[in-house]
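Have a look at the structure below before the remarks.
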Amino acid sequence: MITFDFKTYMNQELSMDSDEKEVLIQKLLHDPMAGFINHVISEEEIEEIKKVATQIKETSEVLLVIGIGGSFMGSYALKNMFLSPFETPETEVIYLGYNLSSVYLSEVLDYIGERDVSVNVISKSGTTMEIYLTYSFIKNELKKKYSQEELQKRIIITTDSEKGRLRQEVTQEGYASFSIPSDIGGRYSLMSAAHLLPLAVMNLDIDSLLIGYKEGLQLMDQAYQYASLRIKLFYQNKLLENFSVYEPSLYYYTEWIKQLLAESEGKDKKGIFPISTVNTRDLHSLGQFIQEGNPILFETVIRILGGKDIEIENKSLNKMNQIVAESVCAAHYAGHTPSIIISLEKLDMKHIGSLSAFFMLAAVFSSYLFEVDPFNQPGVEAYKKEVRKNLGENKIDLSF
Ligand code: PA5
């Protein structure tokens, strides 16, 4: 179960304007990019994903996932949430393509060594520079080791069903592929093969994720309340939202939320800038600012109530963590930083599925309330255009 506390540490009246809520819901349901709610992935596709994941696990000690932005952050966040950093799984999943660092790429290559590898390239557009370059490099490396026939078993491309360079690659080279539906944007694609294939290779329970996600899509009232509260706070000069967690494994999930919200609503000089803190670590650093600094922020605290617990001096460590979380909210509230609290009964795939659906709904409702399009990213396109121009000026001709 997920519970929402919009009141205890918040000095605002909650709006539940059912007319406005209904307008937002209808707008979403009729939005041409509403695939994330209108046609959730089928059981058949889930089965196909599991089949390919099994093949990868049988043939490979490493799966390289090449993706960036909404094409990687979801599965990357869940990997960091549910796999212990101290265990090496049978098929290790390593992410590439989210930077242009020669150091990182070389280190990964050295680390893989002679191990058998599969690659999942994920790009909806098939035109993203980082993906093009990284894929080109890795494919070249793999060609030194594997025959074309072998490559056809080891390269899996996840992209648009019809358009783009990567789709052409599938046709030309005969690689296996999955499609990202045209009406599901990158950051709304958690329940697509883009994320579910790497998660299935990690042996994470994608069926439970799907069950939770479907349940989470019912959280319309809560998503509307949260979105309208955020907008109210924004117009009271609360311009930053700090996503605060008390489990370090949630850190990359806050990165996923940050991308979802910032890329959806940060347009037309509007939007709330998302930041995050991992406590109790950051209470000893950023906490000072949150308590007494410029009062431009509010917090959304994600708490995990149950789960593994250990006792120190006959006292529950979980309980102490909860007491600290509650105390921090009270102290920050007294220091002019209000908090919304979202509590998960426990941290598992089902709860994360629900929470993710909730945040997707909230990102769309917030964007609609800001009167911006949640599904485009013109600012990202602007930088890409500039990069292309400067590459051209430097006589670097890439055909992506
Ligand atoms: O949410 C989004 O749409 C973006 O973050 C994209 O996922 C990101 O730019 C990567 O795009 P693509 O999947 O086309 O390579």
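Both ligands and their constituent atoms are indexed starting at 1 by order of listing.
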Exercise. Which heavy atom of Leu369 sits nearest a heavy atom of Ile231, and at what distance?
Worked result: CB-CG1, 3.7 Å
Problem set entry | ILVMFWY cluster membership beyond Leu305 - transitive side-chain contacts under 4.5 angstrom | none
Problem set entry | Under-4.0 Å salt bridge between Lys21 and Asp221 |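 Here Lys21 pairs with Asp221 in a salt bridge, since their nearest N and O are under 4.0 Å apart.
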Exercise. Is the shortest distance from a Lys or Arg side-chain nitrogen in Glu265 or Arg230 to a carboxylate oxygen in the other one below 4.0 Å?
Worked result: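 Between Arg230 and Glu265 there is a salt bridge, with a charged N closer than 4.0 Å to a carboxylate O.
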List ligand 1 atoms under 4.0 Å from [X], heavy atoms only on the residue side.
X: Ile68; answer: 7 (O), 8 (C), 10 (C)
X: Gln377; answer: 3 (O)
X: Arg187; answer: 1 (O), 2 (C), 3 (O)
X: Gly70; answer: 4 (C), 5 (O), 6 (C), 7 (O)

Seminar exercise, completed: heavy-atom search around atom 9 (O) of ligand 1 in the protein gives Lys384 NZ, 4.2 Å
Problem set entry | Qualifying salt bridge (charged side-chain N to carboxylate O under 4.0 Å, His left out) pairs, either residue in residues 324-341, two or more places apart | Arg303-Glu326
Exercise. Quick one: does ligand 1 sit under 4.0 Å from the side chain of Thr128, the backbone, both or neither, non-hydrogen atoms only?
Worked result: side chain
For this session: Determine the interplanar angle of the Phe358 and Phe4 rings, folded into 0 to 90°, and report it as parallel if under 30°, tilted if 30 to 60°, perpendicular if over 60°.
Result: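 The rings of Phe358 and Phe4 sit tilted, inter-plane angle from 30° to 60°.
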Exercise. Would you call Gln259 a ligand 1 contact, heavy-atom distance under 4.0 Å?
Worked result: yes
